[in-house]
Amino acid sequence: MDRNHLDSALASIDEAIRLNPAVSEYYGMKAQLLGQQHQWQAALQAAEDGLTFDPENEACGALRSLALERLGKVVDALRQAQESLRQNPDSTWAHSSLGWALLQKGDAKGAQKSFAEALRLSPNNEMARSGMIQALNSTNLLYRVCYLVLIKMSRLNSNVQWMLILGLWFGMRALRTLAKSNPSLAPWVLPITLLYLLLVMMSWIMLPLFNTMLRFHPFGKYLLTGKEKWASNLIAGTLVISLVLGCCVGFIQGDWIAAVLPFITGLYLTIPIIVPFNCGATWARWVAILVASIFALLYLAIAVPLVFGYFSEALYPIYMLGILVYCFAGQALARVESKH
């Protein structure tokens, strides 16, 4: 498990359970492995199996609460976390799981207190560190709304998620075509387009974007890793550059509607920029960096000429189609695990 050979680790722990099925720690490790693979229903079952042998097992209790929370059973997750904390008041696991349950309940302040206590007990607790980042960012209304939407989507089957995203994409294009023949629909095209754009963008860049603001928080700035700081720098820099280019188009050309295009196109550029930071394997990261560089050059080739009134009708469709395809390819690269 430490070397990220998750399938082999799962096979080994299953053999350990077969040889000695009454050891609750084995089930806790199995639940942890299944959680790393996002198999939360199976992780819940493993944690509950472990609790039948030792109802006070620290890892099984915390992982049961976490699995319930990821499955959307927030009330049950909160009840399990509170019970785990009662049994093990000095458990960093119990405080972390309570924090995640409170966060899903909408109690960001209470979650911050739980994560802070978990980090006091164990400063290297990754579950508490990432939870505290979410809790601090959740004080922002926009983040909170987007986070709840993305959590709801994450609980859907992966195939259903992609069907929903593609359905929205083609639905949006169909609405735009329909609006040309039915002018009464035209006022609805822009709001729906912007809403779809916000959903797609936030699913990729929400965390690094808000991490940029978190760096000015007196406590939050100590939570971010070097990689998270780099990601936030690049996302913020891309948005600033695209905004500047958009303003240049508006001032020089006097067309503020056209000025939106460099900014919108720059928003899409944030997708390939963030992918390298999500990759675990070194080769996948370098491929993602190369692809991001190509998209950055394409963006400049489209946005800079707009300042002087020239729009590349050849490059823009290639760029947008490439971004759409890369939404799938980037997910595949990010799923490649580093085995060391």
query = With a 4.5 Å limit on heavy-atom distance, are the side chains of Ile289 and Arg285 in contact?
reply = yes

inquiry  = Between Thr270 (side chain only) and Leu267 (backbone N and O only), is there a donor and an acceptor less than 3.5 Å apart?
reply    = yes

message = Keeping Asp76 on the side-chain end and Leu68 on the backbone end, is there a donor-acceptor pair under 3.5 Å?
response = no

ask   = Counting distance only, does the side-chain N/O of Tyr316 pair as donor-acceptor with the main-chain N or O of Thr265 below 3.5 Å?
value = no

query = Between Tyr299 and Gly266, what is the shortest heavy-atom contact and its length?
reply = CE1-N, 3.4 Å

ask   = Taking the six-membered ring for Trp, is the centroid-to-centroid distance between Tyr27 and Phe53 below 6.0 Å?
value = yes

ask   = Does any N or O in the side chain of Ser232 come within less than 3.5 Å of the main-chain N or O of Lys229, such that one atom is a donor and the other an acceptor?
value = yes

ask   = Does atom CE of Met127 have more than 12 heavy-atom neighbours, drawn from other residues, nucleotides or ligands, at distances under 6.0 Å?
value = yes

inquiry  = Looking at Glu126, I'd like to know if its CD atom is crowded, meaning that more than 12 non-hydrogen atoms belonging to other residues, nucleotides or ligands lie closer than 6.0 Å.
reply    = yes

query = Quick one: do Glu83 and Arg64 make a salt bridge, cutoff under 4.0 Å?
reply = no

Leu78 and Gln104, any side-chain heavy atoms less than 4.5 Å apart = no

query = Is Tyr222 atom OH crowded by more than 12 heavy atoms from other residues, nucleotides or ligands, each under 6.0 Å away?
reply = no

task = Would you name the heavy atoms of Ile17 and Tyr26 that are closest together and state the gap between them?
result = CG1-CB, 3.7 Å

query = Nearest heavy-atom pair of Pro262 and Ser242: which atoms, and what distance?
reply = O-CB, 3.6 Å

task = Quick one: closest heavy-atom pair of Trp93 and Asn125, and the distance?
result = N-ND2, 4.5 Å

task = Kindly say whether Pro89 contributes a backbone atom to a donor-acceptor pair with the side chain of His95 at under 3.5 angstrom?
result = yes

query = So, Gln37 side chain and Leu34 main chain: donor-acceptor pair closer than 3.5 Å or not?
reply = no

ask   = Taking all non-hydrogen atoms of both residues, which atom of Thr92 and which atom of Glu58 are closest, and how far apart?
value = N-OE2, 4.1 Å

Donor-acceptor contact present, side-chain Ser65 to main-chain Gln80, <3.5 Å = no

task = Look at the rings of Phe115 and Trp100 and say which category their plane angle falls in: under 30° parallel, 30 to 60° tilted, over 60° perpendicular.
result = perpendicular

inquiry  = Quick check: do Leu214 and Asn137 have side-chain heavy atoms less than 4.5 Å from each other?
reply    = yes

key: Side chains of Ile133 and Asn211 in contact at under 4.5 Å (non-hydrogen atoms)   = yes

task = Spell out, as yes or no, whether a donor-acceptor pair under 3.5 Å connects the side chain of Gln253 to the backbone of Val307.
result = yes

key: Close side-chain approach of Ser293 and Leu297, heavy atoms under 4.5 Å   = no

query = Which heavy-atom pair separates Leu136 from Gly220 by the least distance, and what is that distance?
reply = CD1-CA, 3.8 Å

